[in-house]
Every structure is written in C-alpha cells, then in structure tokens.
There are 2 protein chains.
Amino acid sequence: MVCVTDLLPDARTETRARIEQAALDLFTRRGFEQVTTDEIADAAGISRRTFFRYVATKADAVWGDFGSHVDRLDRLLSATRPDQPVLASICAAYVEVNDYAVADLPMLRQRMTLVLGEPALQAHSQVRYADVDRVVAEHVARRAGLTPGALLPRLVATSTRAAATTAFEVWLADGTTSLADDLHAAFDQLALGFPGLRTRAA
Amino acid sequence: MVCVTDLLPDARTETRARIEQAALDLFTRRGFEQVTTDEIADAAGISRRTFFRYVATKADAVWGDFGSHVDRLDRLLSATRPDQPVLASICAAYVEVNDYAVADLPMLRQRMTLVLGEPALQAHSQVRYADVDRVVAEHVARRAGLTPGALLPRLVATSTRAAATTAFEVWLADGTTSLADDLHAAFDQLALGFPGLRTRAA
DNA sequence: GACGTTAGTGACACCCAGTGCCAGCGGCAA
DNA sequence: TTGCCGCTGGCACTGGGTGTCACTAACGTC
C-alpha cells in the first residue's frame with residue numbers, strides 16, 4: 001500500500017506520469033501493436049482496470065494532459081493583438097505551446113515519433129487534433145467576422161495544423177533544426193501561397 | 001491469371017457491394033459504435049469470418065475500393081501539363097476523381113457524412129489518406145525538383161488534402177452547392193494565401 | 001476513539017474486434 | 001471418378017474496453 005501522506009506530488013499525478021513513461025518506453029522499444037495494456041499496467045505498477053481509469057484508450061496513454069495544451073492555445077489566440085495578421089498570430093501560438101525546455105525535448109521527440117509513425121496512433125491523433133482545429137477555427141471566425149462553420153475558418157484551421165504537423169515531421173527527420181524555425185518556415189510557405197513552388201528547380 | 005470467364009456481376013464483387021451497402025445503412029441508422037460486425041455480416045448474407053476476408057477492419061467497410069481512387073489520382077497528376085501551376089493541377093485532379101454521376105451522389109454523401117462525422121471513422125480515414133498524401137507529395141517533388149520528404153512537398157500534400165476535406169464538409173453542410181465549386185473555392189484561398197483573411201469584416 | 005462517508009483500487013465477468021486453424025463444399029481438369 | 005483449388009463457415013483464442021462489486025485507506029463528525 002502506498003498510503004502515507006507523502007503525496008507532495010499528488011499520488012494521482014504521479015501514477016499518470018508513470019503510465020505515460022511506461023507506455024512511451026514500451027511502444028518505442030517494441031511497437032504499439034506488440035504491447036498489451038496488461039504490460040503497460042504492470043510496468044506502471046497498477047492493475048489493468050486502473051490503467052483504464054486513467055486513460056480512455058491504449059492510444060491515449062502517450063498524450064499526457066493534451067487538453068491543457070489546447071486550453072493554453074485557446075488563451076494565447078484570444079490574447080493576440082488585432083493588428084497582427086491572423087496567420088502570424090496562429091503561428092506564434094503554435095510556437096509558444098511547443099516551446100519545451102531542453103530537458104523535455106527527448107520526451108517530445110519520443111512522443112511525436114510514435115504519434116506520427118505508428119499508424120494506430122496517427123489515426124487516433126485525428127480525434128485529439130479535432131479540438132485544436134475547433135479552437136483555431138473559432139479564433140479565425142472572430143477575427144474575420146465569420147461563423148466558425150464557414151469555409152475560411154475551417155480551412156485555415158485544418159491547413160495550419162497540416163503546416164504544424166509537417167514542421168514536426170521535418171524537425172524529427174532532420175535532427176539539427178529548431179522546431180520553432182521549422183514551424184515558421186512552414187507557416188511562411190502557407191501564408192504566401194507556396195512561393196517555393198514558383199521558383200522552378202532549386 | 002484472371003481466369004474464370006466473364007462472371008458478369010462476379011460473385012465476389014457483388015458480395016463486396018452488399019457489405020458496403022449494409023455497413024453504410026447500419027452505420028447511418030444507428031451509429032458506427034452501436035453496430036456489430038455480426039450484424040453487418042448478417043445483413044450482407046455472409047458469416048462474420050467471411051466479412052473479415054473482404055474488409056480488413058470494421059471501419060474499412062465503408063471505403064469501397066479506395067485504392068483504385070488513389071491510383072487514378074496518381075495517373076491524373078502524372079498526366080498534367082508542366083505549364084500548369086502545381087496547385088491548379090492538384091485541384092483539377094481532386095475535382096476529377098470526385099466527379100461522381102448524379103445517381104451516385106446520395107451514396108457519396110452518406111459515406112462522407114459518416115467518414116467526417118463518426119470519430120472512429122474520422123480517425124481511420126487518416127490511414128487511408130496517408131496514401132493520397134504520398135502520391136501528391138511525389139508529384140509536387142517531381143514538379144519542384146525536390147525530394148518527396150522535403151518540407152514543401154509534404155506541406156503542399158497535407159494542406160491540399162485539408163482543403164479538399166474542408167470543401168467536403170462545406171458541401172455536406174450546405175446541400176445546395178456543387179462539390180467542384182467548393183473544391184475550387186478552397187484551393188483558391190489556399191493558393192493565394194487566404195485573401196479572405198485580409199478583407200477585414202464582411 | 002468509534003463511526004459513516006467517500007475516493008481509489010483490484011478482481012472478475014462480460015462484450016466485441018480481429019485472427020488462426022480446420023473441415024466442408026462446389027467447380028474444374030485429367 | 002479422382003484430386004486439386006478457391007471460397008466459405010464454425011470454433012477457439014487473443015486483446016481492448018467496460019460494468020459491477022468488494023475492499024481499504026483517508027477524512028469528518030460525534
């Protein structure tokens with residue numbers, strides 16, 4: 001029994017972190033499909049039933065508290081000044097929420113390598129990203145005086161997320177660039193209608 | 001060898017169609033999660049085991065022969081003239097592969113309503129669309145003299161697919177517009193860097 | 001200090017998606 | 001007829017996810 005009132009970091013928060021770390025390590029080492037939820041639970045020191053009280057699905061185990069990231073993105077977008085171009089404000093918000101400390105970068109790489117590389121996790125990410133799209137579309141709709149369901153807000157939301165995802169892929173594949181630079185490069189191409197396509201041959 | 005003569009409707013093709021229709025109807029009526037594979041199999045007049053010999057997963061049941069659509073997109077892109085702008089060629093290809101006969105539009109609406117609306121199908125679509133992205137990225141890479149893994153080809157592939165998906169959503173929600181028009185509208189915004197964002201307030 | 005309450009946990013049974021295996025059955029060629 | 005072959009269905013099994021119940025530790029109240 002863990003009992004005792006050490007609980008400084010809060011027992012639930014600690015368990016949550018153990019689950020995430022165990023899932024990240026096992027998935028990285030053996031692949032998502034080859035790991036059972038029993039094994040993750042064992043590695044995290046809990047029962048399988050308790051595992052599913054902390055995370056809704058096996059795929060959710062690698063996402064940490066993604067909801068708070070979305071909330072932070074929402075606040076950042078709401079706080080942007082009206083004289084800033086819409087795309088620039090979205091880019092800045094994406095850069096800000098992905099501004100991890102150097103010590104946290106290895107874990108971010110591990111997570112994103114899995115999310116973008118494992119088909120099952122890639123599929124599941126769509127559900128999580130839908131929240132991001134909703135937040136961005138609402139921001140664009142406010143700024144442009146449109147409804148969030150109109151073509152333009154939706155399109156900006158999905159294509160900026162495509163830009164962010166692509167920047168992540170390049171960042172992971174390269175290994176030498178900074179994520180912020182990759183994000184800016186992708187958003188610049190998007191905002192200017194892909195000028196790189198018009199310079200025939202590099 | 002194709003062997004076997006003619007087989008006018010071909011038993012396997014017919015079974016495939018029955019599975020797709022049964023899945024489409026049941027999912028539309030009761031929701032993806034509420035329908036079991038047993039029920040789809042029953043409705044299609046086959047056993048559950050046979051059902052899984054025709055489709056890899058429950059989610060795949062609504063996709064028909066999506067692979068041939070991707071092949072067709074690939075051929076259309078390869079056949080574009082070099083003097084046409086890259087984005088225009090991609091838009092034209094998307095319009096062409098989605099140019100259904102009027103009689104087939106209800107089924108297309110049904111399929112896309114499910115794919116874009118049901119979370120599980122939306123997640124699964126990511127896996128199918130990865131093939132589309134690969135084909136488009138290769139085309140862009142050829143046209144721009146880059147590798148398919150570079151930022152620009154990937155970005156163009158993902159954001160044009162975002163445009164196509166958004167156009168589909170608007171087409172489904174509206175009900176009066178033509179899909180081709182919605183696709184062109186989305187691609188125009190994308191190609192010009194979202195001019196709609198710069199006209200402050202409508 | 002005994003008591004009821006409450007939150008968290010583990011064990012168990014269950015449903016359902018997906019798979020491996022094998023037996024049966026029809027068509028087809030020698 | 002015989003043997004091969006492709007398709008099918010039945011069966012058992014694995015693994016993700018859930019509902020239920022009993023147990024226990026922490027906490028407030030008298």
Side-chain angles (χ1 to χ4, degrees), chain A residues 1-20 22-24 26-27 30-63 114 118-128, chain B residues 1-20 22-23 26-27 30-63 114 118-125 127-128:
Chain A
M1 56 197 85
V2 181
C3 56
V4 194
T5 57
D6 45 318
L7 306 186
L8 294 149
D10 183 350
R12 278 191 72 82
T13 305
E14 206 176 70
T15 300
R16 215 174 287 274
R18 278 209 315 279
I19 290 174
E20 187 178 356
L24 243 27
L26 287 170
F27 291 165
R30 317 215 318 260
F32 180 81
E33 307 282 3
Q34 276 62 49
V35 177
T36 68
T37 54
D38 268 305
E39 295 173 308
I40 308 174
D42 278 352
I46 55 176
S47 73
R48 201 173 86 95
R49 190 62 188 88
T50 298
F51 171 82
F52 279 112
R53 287 201 184 92
Y54 279 84
V55 296
T57 70
K58 180 183 170 186
D60 274 308
V62 303
W63 282 88
L114 285 169
E118 288 277 355
L121 290 174
Q122 186 183 344
H124 182 73
S125 71
Q126 199 66 8
V127 178
R128 311 303 303 252
Chain B
M1 65 196 81
V2 182
C3 56
V4 194
T5 53
D6 49 337
L7 301 184
L8 305 120
D10 186 351
R12 279 192 70 82
T13 304
E14 206 176 70
T15 301
R16 214 174 289 273
R18 278 208 316 279
I19 290 174
E20 188 178 354
L26 288 169
F27 292 164
R30 316 214 320 260
F32 179 81
E33 307 282 2
Q34 276 60 51
V35 177
T36 68
T37 54
D38 268 305
E39 295 173 307
I40 307 173
D42 278 353
I46 56 176
S47 73
R48 204 173 81 92
R49 191 63 189 88
T50 299
F51 172 81
F52 281 112
R53 287 201 182 93
Y54 279 84
V55 296
T57 69
K58 180 183 170 186
D60 274 307
V62 301
W63 282 88
L114 286 169
E118 288 277 354
L121 290 174
Q122 187 183 344
H124 182 74
S125 72
V127 178
R128 312 300 306 250

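Every chain is numbered from 1, with letters handed out A, B, ... down the list of sequences.
The distance between atom CZ of B/Phe51 and atom C1' of C/dC16, rounded to the nearest whole Å, is 13 Å. Between A/Asp10 atom CG and C/dG8 atom C1' there is a gap of 12 Å when expressed in whole angstrom units. Between B/Arg12 atom CZ and C/dG26 atom P the separation is 18 Å, expressed in whole Å. D/dG15 atom C1' lies 16 Å from atom CG of A/Leu26, rounded to whole Å. Look at CD1 on B/Ile19: it is 13 Å from C1' on D/dC7, rounded to the nearest Å. Atom pair A/Phe52:CZ and C/dC12:P shows a separation of 18 Å (rounding to whole Å applied). Atom pair A/Arg16:CZ and C/dG8:C1' shows a separation of 12 Å (rounding to whole Å applied). When the C1' atom of C/dA17 is taken as reference, atom NE2 of B/His124 falls 13 Å away, rounded to whole Å.
Not a single salt bridge (charged side-chain N to carboxylate O under 4.0 Å, His left out) links B/Glu118 to another residue, sequence neighbours left out. The side-chain hydrogen bond (donor to acceptor under 3.5 Å, both in side chains) test applied to B/Gln122 returns no partner, not counting sequence neighbours. Not counting sequence neighbours, the partners of A/Phe32 by the ring-ring contact (aromatic ring centres under 6.0 Å, His included) test are A/Phe27. B/Ser47 pairs by the side-chain contact (heavy atoms from CB on, under 4.5 Å) definition with B/Arg49, B/Thr50, not counting sequence neighbours. B/Arg48 is linked by a side-chain contact (heavy atoms from CB on, under 4.5 Å) to B/Thr37, B/Asp38, B/Phe52, counting only residues two or more places apart in sequence or in another chain. Under the rule for a side-chain contact (heavy atoms from CB on, under 4.5 Å), the partners of B/Arg128 that lie at least two apart in sequence or sit in another chain are B/Asp60, B/Trp63, B/Phe66, B/His124. Qualifying salt bridge (charged side-chain N to carboxylate O under 4.0 Å, His left out) partners for B/Glu33, counting only residues two or more places apart in sequence or in other chains: none.
Within residues 55-63 of chain A, no residue has any heavy atom closer than 4.0 Å to DNA chain C. Annotation: proximity of residues 31-50 of chain B to DNA chain D (heavy atom, distance under 4.0 Å) is found for B/Ile46, B/Ser47, B/Arg49, B/Thr50, numbered in ascending order.
Looking at B/Lys58, its side chain does come within 3.5 Å of a backbone N or O of B/Val35 through a donor-acceptor pair.
Regarding contacts with the backbone of C/dG8, every side-chain N or O of A/Tyr54 stays at 4.0 angstrom or more from both OP1 and OP2.
With hydrogens and angles ignored, a donor-acceptor pair under 3.5 angstrom links the side chain of A/Arg53 to the base of C/dG10.
In this structure, CD1 in B/Ile19 is found 11.5 Å from CZ in B/Arg53, a value given to the nearest 0.5 Å.
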